Amino acid sequence: MSQTQSNPTQVGFPNPFITVAVQGVAREVTRGTPVGQLLESHVAGLPVVAALIDRQATTLSTPVTSAGNIEPLTTATWEGQRIYRRSLGLLALEAAHGLEPSVQVRMGPSVGFGQRLLLSGLAPEHLSDFAARLEERMHVLSSAGVQLREESWTIGEALEYFARAGWTDAEQLLRKWRDASVSVASYGSLYALNFGPMVSNLKVINGFHVLQDGELLLLVYGRRSVTTRKPSQTMPVVALSGVGEAPPKASGSTRSFLLKQARDQAERGYDIDLQEQAWLKTLGISSVGTFNKACVEGSVPQMIRVTEGFGEKRVTLIADEILRRIDDIDVVCIAGPSSSGKTTFIRRLSVQMQVNGITPVGLGLDDYYLDRELTPKDRSGDYDFEALEALRLDLLHDHLTRVLAGESVKSARYHFKEGRSDPAGGPLIRIGSRDVLLLEGIHGLNPALLGSVPPARVFRIFVCPLLQLPFDHLTTVHASDVRLVRRIVRDRHARAISAKETIERWPKVRIGERKHIYPYQLNADAVYDTSLVYELAVLRVYAERYLLEVPRDHAAFTTAFRLMRLLDRFVSIYPDHVPPTSILREFIGGSGFEY
């Protein structure tokens, strides 16, 4: 089924009618009918934000041109949520452009159930007034039902527009564009690169508000004071207060929270945030477009060496911080979402700790699972191995108490094949004066994991890819997509698990992360960003074939197709220069560490 916007009844088709299957029911429709006219506006109370035509997500204004299967896509799915939030972002940019054309506004990184708005050209004392006016203008555009406009421009036209608009990231991307034309989208006078379907009518978008948070603005997904979903506790306290979720005595802002560790580090002679900006600047990389330029015009081996060198420096600094506090630390806990590169990070951290004269003693949380028949189940009736209650906490607490008291303890072992716990089947563990217990697991940031161990005696590390290079002022590379591509490549490459199986499992993985990891992120003493600026260019070499294996009629194809479009915007890099100690080797193979 074609995704073009032309009217086929006017270009020589003899039969103006075609038969399509709409949610499994055959219907005869006029060729060229917008697909949105064949679907309800809501399903189960949720808005239909796009259509699936043979499992490919498309804008509701797309004309039907051939036989195929048509289904609605709502915000019940993460693909639907992505479309809704990207549309909301374009609405925010359009509203801001109408209010203050001289102010540069761009969408920033995600923060819980919201997204930062990054502004330049506006004095701080005017920020509060601008936030109120922006929210009001967004609601006006939404209530008016402004229609999405999609256009196809030549590369020359697009370069001229984005250069005039000051969108240098979009301009740089287009200079290495592979196609003869580029699709753009608008809700009025401001255009953005079109990286996928968006909401056709802004009336669909009505649950949002804008909050001032220190020197930043937050675009929050949800109505003011009546949000339907609890915000993630990773949101800064000012934003949480704005939606009624902040602790009573909490104070501060996004900016203060994000920079607290950087200030602490700066006092000891280094500042990770500034250093990351510095090394990216030396490579000339600030967006996907400048990354592609660096690949084509610069030295790829040098880029990889600098990227890996900075990553190793950060590992060293964390190990140095543990050394500085060694007299006060008994346990180091490491947690992060799926495919964050935790395993390789632990190996590298262990090496640096040993360099500092500290012996890490590993204790595997996976060995403290309950017997399978005692494991709690989720709403779908499947075993919920990610729940804290799936662990034998009483046994873990007993072992921790005894080990930290100086005893030698036989640790537990879990027999995964039989689903059976062996309380004393693991290795004998004991820690000395220069040793620390090293625990890795999904609950590592949750204070309840360690029972009576004083929080001050625990050093917690959050591990996750955080770098989000922009394509333009609207669209960035989502860290969750990077992790999903990592997992697809690893599972298919090393575990013979197909891409469709990995994609099917991903929504449950994400639910577990939001429930068990992100609410406790603020407990971290250190954050390690496992992003590698070049990794999607390398992962593309593997992922494209694995994603093409997903059948077009399978539910996973919607995500597979979107990821293929994402990867297509990166210049490919072969892995020859990726070192064996790289986190990327955990996913593509060839690691120098044993897993």
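Along the sequence shown, residues carry numbers from 1. In this text the structure is predicted, and so the values were computed from the model without any measurement.
The CD1 atom of I461 lies 7.5 Å from the CG atom of L438; values are rounded to the nearest 0.5 Å. Rounding to the nearest 0.5 Å places CD1 of I442 at 10.0 Å from CG of L388. If you take CD on E513 and OG on S338, they are separated by 6.0 Å, rounding to the nearest 0.5 Å. Atom CG of D491 is separated from atom CD1 of I497 by 4.5 Å, given to the nearest 0.5 angstrom. H493 NE2 to F587 CZ: the interatomic distance, rounded to the nearest 0.5 Å, is 12.5 Å. Between the CG atom in N356 and the CG atom in L323 there is a gap of 4.5 Å [rounded to 0.5 Å].
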Yes or no on side chain to side chain contact (heavy atoms under 4.5 Å, CB included) for L466 and V527, after CA distance, side-chain angles and deciding distance? CA-CA 10 Å; L466 301 172; V527 176; 3.7 Å; yes
Can you check side chain to side chain contact (heavy atoms under 4.5 Å, CB included) on I583 and E308, steps first, answer last? CA-CA 9 Å; I583 279 174; E308 296 291 342; over 6 Å; no
* Would you sort out whether V436 and I326 count as a side chain to side chain contact (heavy atoms under 4.5 Å, CB included), showing the intermediate values? => CA-CA 8 Å; V436 294; I326 188 61; 3.7 Å; yes
| field | Stepwise side-chain hydrogen bond (donor to acceptor under 3.5 Å, both in side chains) test for T344 and E586 | value | CA-CA 7 Å; T344 301; E586 184 176 329; 2.6 Å; yes
**Prompt:** Taking it one step at a time, do C333 and V458 satisfy side chain to side chain contact (heavy atoms under 4.5 Å, CB included)?
**Reply:** CA-CA 7 Å; C333 287; V458 183; 4.1 Å; yes
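Taking each heavy atom of I429 and S411 in turn, the nearest pair found is CD1-CB, 4.3 Å. Across all their heavy atoms, L370 and E389 have their closest contact at CD1-O, 3.1 Å. Nearest heavy-atom pair across G426 and R413 is N-CB, 3.8 Å. Looking at every heavy atom in both residues, A499 comes nearest to V550 through CB-CG2, 3.9 Å. Taking all atoms of both residues into account, the shortest heavy-atom contact from F557 to P551 is CB-O, 3.5 Å. F459 and R325 make their closest contact through CE1-NH1, 3.5 Å (heavy atoms, listed as atom of the first residue, atom of the second, distance).
No donor-acceptor pair under 3.5 Å is formed between the side chain of T476 and the backbone N or O of P470. Here the side chain of R487 pairs no donor or acceptor atom with the backbone of T502 at under 3.5 angstrom. Using a distance-only test at 3.5 Å, with no hydrogens or angles considered, a donor-acceptor pair links the side chain of D525 to the main chain of R460. Remark: the backbone N or O of L449 is paired with a side-chain donor or acceptor of H397 at under 3.5 angstrom. With hydrogens and angles ignored, the 3.5 Å screen pairs no side-chain donor or acceptor of S340 with any backbone N or O of K342. Remark: the backbone N or O of S299 is not paired with any side-chain donor or acceptor of Q302 at under 3.5 angstrom. Put simply, the side chain of T290 gets close to the backbone of S287: a donor and an acceptor are under 3.5 Å apart. With hydrogens and angles ignored, the 3.5 Å screen pairs a side-chain donor or acceptor of R585 with a backbone N or O of V578. Between the side chain of K410 and the backbone N or O of L428 there is no donor-acceptor pair closer than 3.5 Å. In terms of modelled atom types and a separation under 3.5 Å, the side chain of H478 and the main chain of S480 share no donor-acceptor contact.
The closest side-chain heavy-atom distance from L217 to L211 is not below 4.5 Å. R486 places a side-chain heavy atom less than 4.5 Å from the side chain of E535. Using a 4.5 Å heavy-atom threshold, the side chains of S591 and P580 count as separate. Side chains of Y383 and P376 form no contact here, defined as non-hydrogen atoms less than 4.5 Å apart. A heavy-atom distance below 4.5 Å is found between the side chains of Y520 and P447. Side-chain contact between N523 and F462 is absent, with no heavy-atom pair separated by less than 4.5 Å.
In this structure, R495 does not pair ionically with E501, as no charged nitrogen and carboxylate oxygen lie closer than 4.0 Å. Between E321 and R324 there is a salt bridge, since at least one side-chain N of the basic residue sits less than 4.0 Å from a carboxylate O of the acidic one. Using a cutoff of 4.0 Å between basic side-chain nitrogens and carboxylate oxygens, D481 and R82 are scored as salt-bridged. For the pair R545 and E549, the salt-bridge criterion is met [side-chain N within less than 4.0 Å of a carboxylate O]. Ion pairing between R430 and D435 fails under the 4.0 Å rule for side-chain N and carboxylate O. At a threshold of 4.0 Å, the pair E312-R348 counts as salt-bridged, since one of the basic side-chain nitrogens sits closer than that to a carboxylate oxygen. Under 4.0 Å is where a charged nitrogen must lie from a carboxylate oxygen, and between D371 and R392 no such pair does. Salt bridge annotation for E79-R562: present, with a cationic side-chain nitrogen under 4.0 angstrom from a carboxylate oxygen. E386 and K515 are not joined by a salt bridge, as no carboxylate oxygen comes within less than 4.0 angstrom of a charged side-chain nitrogen.
Counting only N and O atoms by type, the side chains of H399 and Y368 include a donor and acceptor under 3.5 Å apart. Looking at T75 and Q81, their side chains never bring a donor and an acceptor atom within 3.5 Å of each other. Counting only N and O atoms by type, the side chains of Y221 and Q115 include a donor and acceptor under 3.5 Å apart.
Both cation-pi conditions hold for R314 and Y528: the charged atom is under 6.0 angstrom from the six-membered ring centre and inside a 45 degree cone around its axis.
The number of heavy atoms from other shown groups lying within 6.0 Å of NZ (K508) is above 12. In the displayed structure, R420 atom CZ is contacted under 6.0 Å by more than 12 heavy atoms of other residues, nucleotides or ligands.
Aromatic pair Y414/F416: centroids less than 6.0 angstrom apart.
Using cut-offs of 30° and 60° for the angle between ring planes, the W506 and W78 rings count as tilted.
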